[in-house]
Amino acid sequence: YYMVTRKRGDVSKILLNEVDVIILKILDKNKDKISILGLRGILKINALSERTHIDRLVEFKFITKERVKGQNKFHLNITPLGKDVLSIFEKFVGR
């Protein structure tokens, strides 16, 4: 029996977790553009946690972050790849 231990500060190489799938689901279902702040209000999570999820989803090209011209605001959009991933994983996530 072998267990991998992580050192302090190490991050898991997880592809998606439940919150990531919920974010994809929210972006897919809402026809209105959702801002980062609006998403935080829906999920009721803190800014640091939300940033971690959004950065991971952007890195894997499941969502895009689009700056609103003239404002310090971003809109989030699900990509076609994100929709494909959502169709596979949403069966496993309740809500």
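Side chains are part of it too, since the values below use all heavy atoms of this structure and drop only hydrogens, waters and symmetry mates.
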Separation between OG of Ser49 and CZ of Arg40, rounded to the nearest 0.5 Å: 10.0 Å
In one Ile/Leu/Val/Met/Phe/Trp/Tyr side-chain cluster, 4.5 Å: Phe60, Val58: yes
Note, Asp20 side chain near Phe89 side chain (heavy atom, < 4.5 Å): no
Stepwise side-chain contact (heavy atoms from CB on, under 4.5 Å) test for Asn17 and His53: CA-CA 9 Å; Asn17 67 23; His53 293 286; 3.4 Å; yes
Ile54 side, atom CD1; Leu76 side, atom CG - distance, nearest 0.5 Å: 5.0 Å
N/O donor-acceptor pair under 3.5 Å between Asp28 side chain and Leu24 backbone: no
Ile34 CD1 to Ile63 CD1 distance, which is reported to the nearest 0.5 Å: 10.5 Å
Heavy-atom side-chain proximity of Leu37 to Lys73 below 4.5 angstrom: no
Side-chain touch Leu57/Leu27, heavy atoms, less than 4.5 angstrom: no
Closest contact, heavy atoms only, Val85 versus Leu16: CG1-CD1, 3.3 Å
Test item: Thr79 side-chain N/O and Phe62 main-chain N/O as donor-acceptor pair under 3.5 Å: yes
Non-hydrogen side-chain atoms of Val21 and Leu86 separated by less than 4.5 Å: yes
Same apolar cluster: Ile88 and Val19, side chain cutoff 4.5 Å: yes
From CD1 (Ile22) to CD1 (Ile45), nearest 0.5 Å: 9.5 Å
Min side-chain heavy-atom separation Lys65-Ile36 under 4.5 Å: yes
Value rounded to 0.5 Å, distance of NZ in Lys25 from CG in Asn30: 12.5 Å
